[in-house]
Structure formats: C-alpha cells, structure tokens
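What's counted below: heavy atoms across the whole structure, side chains too, no hydrogens, waters or symmetry copies. Just so it is clear: chains get the letters A, B, ... in the order the sequence lines come, proteins before strands, and each one is counted from 1. On a predicted model such as this, the values are computed, not experimentally measured, just so you know.
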2 protein chains.
Amino acid sequence: MAATMHDVSRLAGVSVKTVSNVINDYPYVREETRRKVLDAIDTLGYSPNLSARSLRSGRTNVISLMIPDLRNAYFAELADSVMRAAAERGLAVLIEQFGDDRQHEIDVLRQPRARMVDGVLHSVLTLDQGDADLIAELSTPLVLLGDRSVNGTRDHVTMRNTEGARAATEHLIAGGRRRIVALGAHPGEEIGSAALRLDGYRQALDAAGIPFDGSLVVPVGTWLRRNGAEGMRDFLTAGTPFDGVVAFNDAIALGALRALQEAGLRVPEDVAVVGFDNVDETQYSMPTLSTIDPGREEIARTAVDLLIRRMEGSSEAFAPEEIAVPFRLVQRESSAG
Amino acid sequence: MAATMHDVSRLAGVSVKTVSNVINDYPYVREETRRKVLDAIDTLGYSPNLSARSLRSGRTNVISLMIPDLRNAYFAELADSVMRAAAERGLAVLIEQFGDDRQHEIDVLRQPRARMVDGVLHSVLTLDQGDADLIAELSTPLVLLGDRSVNGTRDHVTMRNTEGARAATEHLIAGGRRRIVALGAHPGEEIGSAALRLDGYRQALDAAGIPFDGSLVVPVGTWLRRNGAEGMRDFLTAGTPFDGVVAFNDAIALGALRALQEAGLRVPEDVAVVGFDNVDETQYSMPTLSTIDPGREEIARTAVDLLIRRMEGSSEAFAPEEIAVPFRLVQRESSAG
DNA sequence: CTGAAAGCGCTAACAC
DNA sequence: GTGTTAGCGCTTTCAG
C-alpha cells in the first residue's frame, strides 16, 4: 500500500495541512518544518495520489489529443510537437486514435474518457458543418485542429491549405511546368483539406492563365504512401501527358515518387513534384521532396495555448477564434531546375 | 457544473446505489428502474467522474507508454500497436517521451505522473544492469520493452536482436556479398541493441568463414535518418571497398540508401542493403528496403497482456518473464539478386 | 505559521 | 431489488 499524506504527517509530526503546504510550495512554512516533511516524504517514498487531487481540485492536468492515426508521419510529428508544448506547461497528453472512420471520430469526442481530461485537442478529419451542434454541446474545453471548417463554434487552429497549395502550384509553374497533376483529390467533398488544396491549385492555374484540365485531377482515398503510389500508377496507365505533380500531402507524394521512378520517369527532369506537410522523411527521400511546411510547431503551441485559456477560462468570455498559421514553401530536389 | 450521480438519482427517484448498479451493469435491476435511470442520465447528460471512480476503485484504466521519440517511425508504429492492444482491453494510453537523454529516461520512470496510471510500459533506451535497483524499487506495475537487459527484475519483452541481425547478414552473404558494412554501431556499449546486433553480424561472418574487419564497422550516434546518411558519407569518403550494408535500424538504412545513391552507387547492384524494424516506409523507399520485421504487433500485444497480469496481479505471484518475440526477414529490392 | 474537519463523486458493504 | 452510509486521499476554508 502506498503511503498517504497522513502517513507523512504522522512521521513528520505535523498535520496534513502542513504536508499539503509543503507539497504545493505554499511559502509560509518554517524552514525547519519543511525539512522534516521533506525527509518524511523521502523515507516513505511518498508521492501524491493524483486521482484524489483531481477529484478535489477538479483538474487532472491531462489533455487528450485526438488524431486519425499515428502511423501517418504527419500526425506522429504533430503529436510530438503537442506533447512538447504541453509538457512545457505541465500537462500530460493522452492520445486517442480514431482511424479514418467518421463514426469513430464522433464517438471518441463524446466518450466519457473525456471526463478524465481537462481539455481536448481534436484534429478534424471528417467533421463538418452538420456536426456543429454536436460540437457545440460538448462541455469539455475543446480546440479543433486541421482543415474542415466547423464554423465559429469553437477555437480552431488551421493551416493555410488553399494558400499553401497555391504556392506549391505556382512554384511548379514558375519552373516552367504547365501540365500539373493534382494528386489526392476527394471528389464530392466540398470542404476539408482536399477541397481547400484543390482550390489553391485552381487559383494558381487561373492566375497563370493555364486552363484547368479535369483529367489532371487524380483522386486518392486515404492519404497514405500506398494510395499515393497506386493513384499515380493508375494515372500513368491512362497515358495523360504531364510534367508536374502537386500532391496534397507528403505521404502520397512519396508514394507517387516511387511510382514515377518505377515507370522510368526522372524526378525532377521529367516530372517535378511538390508535397505538403514537410515531414522529416522528405529530407531523405530519393530525391528529396519539395513541400509546404505548414508550421506544425506553431500549430501545436498555438492550440495548446488556446486550450489552456479555455480550461482556465472564466469560460465563455472569449468568442471562438480561428487562427491560421503561416506556411512556408521548402524547395528541394524534386522540383529543382 | 456537470451532473453527478446524486442528480441522476434524484431525477430518477431512486438511490445512488441503483444508479451505480445501472452504470456498472449490475444484473439485478428491474427493467423499469433501469429505464428511468437511463432516461435521467440522458436528460442530464450525465457521465461519471473518472477521478472519483479512480480514487474509489484504485484503478484509472490508463497505462503509460514511455518511449524516446515519436518522430522515430518505429516508435510511432509501436505506439500505434500498443494503443490498439490497450484499447481492446479497455485501457487508454498516456505517452511520455524522454528523448535520448539518460537522466530524463530515469526521471520519467520515477515521476509521480506514474501515480495516475495503473501500469507502465517502458521502452528501454539507456537503462542497464546498474539501474536494476532503481527499477526494482518502483511500485508501479512495469513491463520493459526493447533490448537492454536489466536482468530478471521485471517482465521484459524483447526482439531477437542478435538472431535478427545475424539473419540479415546471412541473407547478404547468401547473395554473394563478402565485404559487409555494419552501420549503426555504438562503440564502447556492451549491451543494448547496437551491441546485440553487432554480435549477430559477427556470428554470421564467423559461420561463413569471413574474417571480421573492424574498418567495416561504422558507428552512428542516435539512429536517425540524418545520422545514417552522415555515417555512410563518412565511410564512403574513407574509400574502403564494400558490397553490402547491414544497418541496425531502418532509419539509418534509409539515410544510407540516400547517401549511397548520391555517391552514384546502385542499390542493390553495387551495394545490397538490409535494415531492421520493418517500418512502413521501407515498402515505398527507392529502392524498397529489405529489413528484419521484429514482430511489433506481437511485442505490443504481449507487453500489454503481461502488464495487465501484473496490474491485476495477486501481485508478485509470478517470476519476472523475459519473452523474445520471433522475427522475420523481409526481402525487398535493396538486396535483390 | 499550523491544526481540525468538511467534502469532491464514486463504489461497496451492509441493511432492509 | 433497492436504500444508507462510510470512506478512497486530497485540498481548503476557518480557527487558532
């Protein structure tokens, strides 16, 4: 049985209140008393029961991070950034994965596990305006990450999807490419990253006076390497001429890189490629991958800070904020020349 | 203010015990009563306070997973597997990163945060026999993962480091390679993955009657892509002839792949390469990477099950177990022919 | 500066 | 089948 505060107080010959004062760095404790208490804590190997503390204080100092899948490097790196930002502020992070399943995404939001965390960071995958009510009802402090707009009911940290994809496309156009594949479209979706990035792609074409060609828009299911490779292989089979690829994330870009080279095409000589996310791997692929850096660290820091504000919140004092973090084009070998 | 069990019992016109019975699926509750309670729960949007439940029951149903760094794909994938295994058993996972810092690794083990979790899965990085006392003292149920042996004081799930590395090396030898680089050594370390894998490498050479050549053993610091690339570049600069590489993990193998190709060497024609870990990326690299699959899923499942046994444990009923999970050689393009 | 005592929300004896 | 009640270990008034 682990030692309790009472055990400590007994051994130190003081009251539990004094022990509590020492533990919580209450300043007005005589130095000698503090010593005695610390000694007692040490000899008993005491450490406070966090469940009891939480019950009493109403805070757990744990937040949860809900993401689709850690195996996706972007989310692993996001989780890393979030955990570092959280640790700096004394918070632990409980990660919950919901895969690419819409119902699961919703369930995880409603789950009672949320009653054990002070707040939730949710990286939106499929939620949309129709879920606004659900989201508004949740009593937990909540900050949304990612792309889908669930307008105005909650704080929301987004990346600049449209602008980023536009910059990626413009970069290829500036390099002389004219027939640019948009890889990763989700036909039928009108919101979400895929739609926003496709918008950016079209804007760039429009601005350059290049006509939009639907046959260059290649759908890809879940944004995984495998699907990027498959999507590109299918496209190659169709034989449509092209000289550039704007992939909607790095994973499918890397898959496409593989498929292009299998087909004997040289990157960037025959086909220039740009991705989106700037995951670590893009610095080491063959060739290295040009990409859009969405500002992951800043997204994480901003989100954690917003969440803390809500958690401490004189609650609904502030209107929900939507913060779009700046992006950056990172040029590497896959689009050189 | 969130609703409590008392609110529910009042609204339903029953006692708290009955509410508790309904929530905990106690079978002997009249159907009508159950209905009333469930209705009340629904209208109040009640969900139980997990801190209170934990305080009372002594269980949180949360375990923590301590790993060096999520940005390393192997650990992200391990975390994924652990979370899935844990979720199947009703456990949530709190991830703690400790980087590559020994002191931090120790701190995180002693941290009081551990008092909020029912058990700990710790992926050993730098702990060794000298830390046996520290580890033995911890009161939390604990299962160690990984390679270093902290003999016999705790359950330990390991991968077959030596055998895996040996199989990787033998595979290259079988393909006719004779001058095989061992990439990723940690000179001076006598235990840990690096040492064990180097052992396997030497065993394979010995068995084939190939003399060991120290100039083919290339040290690499932290096993990251970047360091693998650098280690290989340095080695290439030295000009030592070679025709194969056994890299001690996939990240450095992928970095090396990059460095080799930058130098104009063809893989596998000029140099065959094998990694270790079978991370997802190895299926999509250029070329795809042969590797040792250490049985990540099984490691995760085994570890979670062992931990649960300790948590439920009529405690020290069982002697600490050491379970080595079977590995598998996955042959891909980087060592074809 | 320190002590006594109440109570956070829940579960589990124990009654009825 | 259902109600009463005593804590789990901590923080926090409120006294002294």
Checklist line | Integer-rounded Å distance: D:dG16 C1' and A:Tyr28 OH | finding: 18 Å

Check: For A:Ser51, which contact category applies under a 4.0 Å heavy-atom criterion: base, sugar-phosphate, or nothing?
Finding: nothing

Notebook entry, point to check: What's the NE2-P distance between B:His6 and C:dT11, to the nearest Å?
Noted result: 12 Å

Notebook entry, point to check: Which nucleotide sits closest to the side chain of B:Thr18: D:dC10, D:dG3, C:dC10?
Noted result: D:dG3

Notebook entry, point to check: Which nucleotide sits closest to the side chain of A:Asn24: C:dT11, D:dT11, C:dT2?
Noted result: D:dT11

Item checked: Centroid separation B:His122 to B:Phe98 less than 6.0 Å -> yes

Next item on the list: Would you tell me if any nitrogen or oxygen in the side chain of A:Thr4 comes within less than 4.0 Å of OP1 or OP2 on D:dG9?
Entry: no

Note to self: I'd like to know whether A:Asp277 forms a salt bridge (charged side-chain N to carboxylate O under 4.0 Å, His left out) with A:Arg296, so could you lay out the CA-CA distance, the side-chain angles of the two residues, the decisive distance to 0.1 Å, and finally the verdict.
What the structure shows: CA-CA 8 Å; A:Asp277 279 349; A:Arg296 184 169 42 78; over 6 Å; no

Next item on the list: Can you figure out which of C:dT2, D:dC10, D:dT4 approaches the side chain of A:Ser15 most closely?
Entry: C:dT2

Next item on the list: Counting heavy atoms from C-beta on, name the nucleotide in D:dG9, C:dA12, D:dT12 closest to the side chain of B:Arg56.
Entry: C:dA12

Item checked: Value in whole Å for how far the P atom of C:dA6 lies from CG of A:Leu55 -> 17 Å

Notebook entry, point to check: For C:dC1, does OP1 or OP2 lie under 4.0 Å from any side-chain N or O of A:Arg30?
Noted result: no

Note to self: Assess whether a salt bridge exists between A:Asp131 and A:Arg102, defined as any Lys/Arg side-chain N lying under 4.0 Å from an Asp/Glu carboxylate O.
What the structure shows: yes

Next item on the list: Let me know the distance between CG of B:Asn61 and C1' of C:dC10, rounded to the nearest Å.
Entry: 14 Å

Notebook entry, point to check: Is the distance from OP1 or OP2 of C:dC10 to the nearest side-chain N or O of B:Ser20 less than 4.0 Å?
Noted result: no

Item checked: Between D:dA6 (P) and B:Lys17 (NZ): distance, integer Å -> 16 Å

Note to self: Under 4.0 Å, heavy atoms only, any strand: does B:Ser57 hit a base, just the sugar-phosphate, or nothing?
What the structure shows: nothing

Notebook entry, point to check: Hey, are A:Asp7 and A:Arg10 close enough for a salt bridge, meaning a charged N less than 4.0 Å from a carboxylate O?
Noted result: yes

Next item on the list: Using whole Å, report how far CG of B:Asn21 lies from C1' of C:dA12.
Entry: 10 Å

Next item on the list: Calculate the interatomic distance between A:Asn49 atom CG and D:dG9 atom P; express it in whole Å.
Entry: 7 Å

Notebook entry, point to check: Is it true that A:Asp80 and A:Arg84 make a salt bridge, defined as a side-chain N closer than 4.0 Å to a carboxylate O?
Noted result: yes

Note to self: Counting only side-chain nitrogens and oxygens, does B:Tyr26 get under 4.0 Å of the OP1 or OP2 atom of C:dA13?
What the structure shows: no

Next item on the list: Return the value, rounded to whole Å, for the distance between atom CZ of B:Arg10 and atom C1' of D:dG3.
Entry: 15 Å

